[in-house]
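Computation of the quantities below employed the complete heavy-atom set of this structure, encompassing side-chain atoms and omitting hydrogens, waters and symmetry-equivalent molecules.
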Amino acid sequence: MELTIRLDDNCGRVALFGSADRHLRIIRQILGVQISARDSSVKLCGDAAAVSRAAAAIEKMRGQLQTVDHLSEQHVVDAIAEASREGEREASDAIEVYAPQSVVAKTPGQHSYVAAIRRHDLTFCLGPAGTGKTYLAVAMAVSMLKGDRIKRIVLVRPAVEAGEKLGYLPGDMQAKVNPYLRPLFDAMHDMMSFEQIRRFMQNDIIEVIPLAFMRGRTLNSAAVILDEAQNTTVGQMLMFLTRLGHHSKMIVTGDDSQVDLMPGQRSGLIDAVARLHEVDGVAIVALNDRDIVRHRLVQNIVNAYGGERAAGVDRFGQPGREGQST
């Protein structure tokens, strides 16, 4: 891998590089990368992980120069050590998919979510729009498929309209349900090629279906994701959860502030979390506005609408109790 770092004009070259580029030689010796400096740029060559850590170390050294006049050798060594630790954490948290770029959790809440999926066969994740609930679930399923830990992926959504009556839709069954399932396809397209998705779907390795078609099935050796689960009824949620087979994982995601069921119907997601939050082997992760990774305005929008949540009852069906992971 080859990477060039451009330095701004205000960066003190001697202070950053050290006398006779001594600091750069320390980075080269410890990380095993080739470094060449010229004018206002530094060129790094070598193993991708080592180059990334060297670049991170240089950025940390630049940050240190905001508070000190010069860097000692110990400063450089500490910057390298910190960059290496961060690199190891990212590598361990990286979700390997079929695309060249891995998927990585970006917030503490997302890290907890990924860890819960890895440790539990049934994971519920609740949170507002933009927190990566669906995206990370699909990434974990694709990673398990790539690693031969499962044999198939089943992506499920309830076909509930979000406040609009669309009437009768034209086409066959697949054409009718496709609009409801599009968010799942969007996530998957970031993780594998279109041809690969098409081939997997033709071979039933990937199945994308509406919730109503799940009745009577038992899913073994599969990753099963129920998205938009706040729009399931209590009966539908029970039906879905009892599809779990041997050597399988289920991930249930939803935003309990966006229930589109008819008035008077209790959300199956809210009901299930209240019933199962103390069941051993079930993980419940609640993400919040701090975990939003979409456009920065999404967090502000969620905060602006947050006051309209029903007061007095939390996601676990308990008065005044905060979200948690179990």
Enquirer: Should M239 and M214 be marked as a side chain to side chain contact (heavy atoms under 4.5 Å, CB included) after you check the CA-CA gap, both sets of side-chain angles, and the distance that decides it?
Expert: CA-CA 8 Å; M239 180 272 290; M214 290 290 290; 3.8 Å; yes
Enquirer: Looking only at heavy atoms, what is the nearest atom pair of A272 and L241, with distance?
Expert: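 The answer is CB-CD1, 4.4 Å.
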Enquirer: Among pairs that include at least one residue of residues 190-202, which meet salt bridge (charged side-chain N to carboxylate O under 4.0 Å, His left out), considering only residues two or more places apart or in two chains?
Expert: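 Qualifying pairs, neighbours excluded: E195-R198.
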Enquirer: Within the 4.5 Å heavy-atom criterion, are Q258 and Q230 side-chain neighbours or not?
Expert: yes
Enquirer: Side-chain contact, heavy-atom cut-off 4.5 Å: K249 with L122?
Expert: no
Enquirer: Under a 4.5 Å cut-off applied to non-hydrogen side-chain atoms, are F200 and Y98 in contact?
Expert: yes
Enquirer: Is R275 paired with D271 through a side-chain N to carboxylate O contact shorter than 4.0 Å?
Expert: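 A salt bridge is present here (some side-chain N lies under 4.0 Å from a carboxylate O).
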Enquirer: Between V259 and N231, does the side chain to side chain contact (heavy atoms under 4.5 Å, CB included) criterion hold? Intermediate values first, please.
Expert: CA-CA 6 Å; V259 178; N231 289 328; 4.2 Å; yes
Enquirer: Roughly how far, to the nearest 0.5 Å, is CD1 of I27 from CD of Q34?
Expert: 14.5 Å
Enquirer: Drop me the distance from R53's CZ to D47's CG, to the nearest 0.5 angstrom.
Expert: 8.5 Å
Enquirer: Would you kindly confirm whether V68 and V76 end up in one hydrophobic cluster when ILVMFWY residues are joined by side chain heavy atoms under 4.5 Å apart?
Expert: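 Cluster IDs for V68 and V76 match.
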Enquirer: Find out whether R243 and V224 are in side-chain contact, i.e. whether some heavy atom of one side chain is under 4.5 Å from a heavy atom of the other.
Expert: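 Of all side-chain heavy-atom pairs linking V224 with R243, none is under 4.5 Å.
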Enquirer: Indicate, with yes or no, if F185 and F194 share a hydrophobic cluster defined by side-chain heavy-atom contacts under 4.5 Å among Ile, Leu, Val, Met, Phe, Trp and Tyr.
Expert: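 Different clusters.
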Enquirer: Heavy atoms only: give me the nearest A229-S267 pair and the separation to one decimal.
Expert: O-OG, 4.3 Å
Enquirer: Counting only heavy atoms from other residues, nucleotides and ligands, does the tally under 6.0 Å from CG of N203 exceed 12?
Expert: yes
Enquirer: Return each pair, listed once, that meets salt bridge (charged side-chain N to carboxylate O under 4.0 Å, His left out) where at least one residue sits in residues 219-236; pairs must be two or more places apart or across chains.
Expert: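 Counting only pairs at least two positions apart or across chains, the salt bridge (charged side-chain N to carboxylate O under 4.0 Å, His left out) contacts touching residues 219-236 are R157-D227, R157-E228.
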Enquirer: Can you tell me if R149 has over 12 outside heavy atoms packed within less than 6.0 Å of its CZ?
Expert: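 Yes, enclosed.
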Enquirer: Atom CE of M140 and atom CD1 of I95: how far apart are they, to the nearest 0.5 Å?
Expert: 5.5 Å
Enquirer: Under a 4.5 Å cut-off applied to non-hydrogen side-chain atoms, are L136 and V103 in contact?
Expert: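 SC-SC contact between L136 and V103 confirmed.
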Enquirer: Walk me through it: do M192 and I206 pass the test side chain to side chain contact (heavy atoms under 4.5 Å, CB included)?
Expert: CA-CA 12 Å; M192 61 178 71; I206 293 177; 4.0 Å; yes
Enquirer: For residues V234 and M250: do they belong to one hydrophobic cluster (side chain heavy atoms under 4.5 Å, members Ile, Leu, Val, Met, Phe, Trp, Tyr)?
Expert: no
Enquirer: Hey, does the side chain of H23 reach the backbone of L71 with a donor-acceptor pair shorter than 3.5 angstrom?
Expert: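 Present.
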Enquirer: Going from SG on C125 to CD1 on I251, what distance comes out if it is rounded to the nearest 0.5 angstrom?
Expert: 9.5 Å
Enquirer: Using every non-hydrogen atom in the two residues, find where V156 and P210 come nearest and quote the distance to one decimal.
Expert: CG1-C, 4.1 Å
Enquirer: Before you tell me yes or no, could you show the steps for V138 and M191 under side chain to side chain contact (heavy atoms under 4.5 Å, CB included), namely the whole-Å CA-CA distance, both residues' side-chain angles and the distance that decides it to 0.1 Å?
Expert: CA-CA 9 Å; V138 172; M191 302 169 196; 3.8 Å; yes
Enquirer: Quick one: does any side-chain atom of T253 pair with a main-chain N or O of T134 as donor and acceptor, under 3.5 Å?
Expert: no
Enquirer: So, K43 side chain and S36 main chain: donor-acceptor pair closer than 3.5 Å or not?
Expert: no
Enquirer: Checking H111 side chain against A105 main chain: does a donor-acceptor pair fall under 3.5 Å?
Expert: yes
Enquirer: Using every non-hydrogen atom in the two residues, find where I150 and A223 come nearest and quote the distance to one decimal.
Expert: CD1-CB, 3.4 Å
Enquirer: Could you tell me whether the side chains of T233 and Q265 share a donor-acceptor contact shorter than 3.5 Å?
Expert: no
Enquirer: For F17, what residues pass the ring pair (Phe, Tyr, Trp, His ring centres under 6.0 Å) criterion, not counting sequence neighbours?
Expert: none
Enquirer: Counting only heavy atoms not in H189, do more than 12 sit closer than 6.0 Å to its NE2 atom?
Expert: yes
Enquirer: Specify the closest pair of heavy atoms between A187 and Y135, including all atoms of both residues, with the distance to one decimal.
Expert: CB-CD1, 3.9 Å
Enquirer: Rounded to the nearest 0.5 Å, how far apart are CG of L126 and CG of N288?
Expert: 12.0 Å
Enquirer: Does CD in Q202 sit with more than 12 non-hydrogen atoms of other residues, nucleotides or ligands closer than 6.0 Å?
Expert: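 Counting neighbours around CD of Q202, more than 12 heavy atoms of other residues, nucleotides or ligands fall under 6.0 Å, so yes.
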Enquirer: Do any N or O atoms from the side chain of S248 and from the backbone of L244 form a donor-acceptor pair under 3.5 angstrom?
Expert: no
Enquirer: Any side-chain heavy-atom pair from L226 and F124 closer than 4.5 angstrom?
Expert: no
Enquirer: A side-chain contact here means heavy atoms from C-beta on lying under 4.5 Å apart; do T107 and Q110 qualify?
Expert: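 In contact.
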Enquirer: Answer with yes or no whether the side chains of D291 and T131 bring together a donor and an acceptor at under 3.5 Å.
Expert: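 No.
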Enquirer: What is the distance from atom OG1 of T232 to atom CZ of R266, rounded to the nearest 0.5 Å?
Expert: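 Going from OG1 on T232 over to CZ on R266, the span is 11.0 Å.
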Enquirer: If you define the side chain from C-beta out and look only at heavy atoms, does anything of I58 sit under 4.5 Å from L44?
Expert: yes
Enquirer: Check the side chains of H120 and T123 for a donor-acceptor pair under 3.5 angstrom, ignoring hydrogens and angles.
Expert: no
Enquirer: For A94 and S102, which heavy atoms make the closest approach, and how far apart are they?
Expert: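 Between these two residues, the closest heavy atoms are CB-CB, 4.0 Å.
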Enquirer: Any sub-3.5 Å donor-acceptor pair from T242's side-chain atoms to L238's backbone N or O?
Expert: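 Between the backbone of L238 and the side chain of T242 there is a qualifying donor-acceptor contact (under 3.5 Å).
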Enquirer: Can you check whether G127's main-chain N or O pairs, donor with acceptor, with K133's side chain at less than 3.5 Å?
Expert: yes
Enquirer: Heavy-atom count check: over 12 atoms from other residues, nucleotides or ligands less than 6.0 Å from K146 NZ?
Expert: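 Yes, the 6.0 Å shell around NZ holds more than 12 heavy atoms from other groups.
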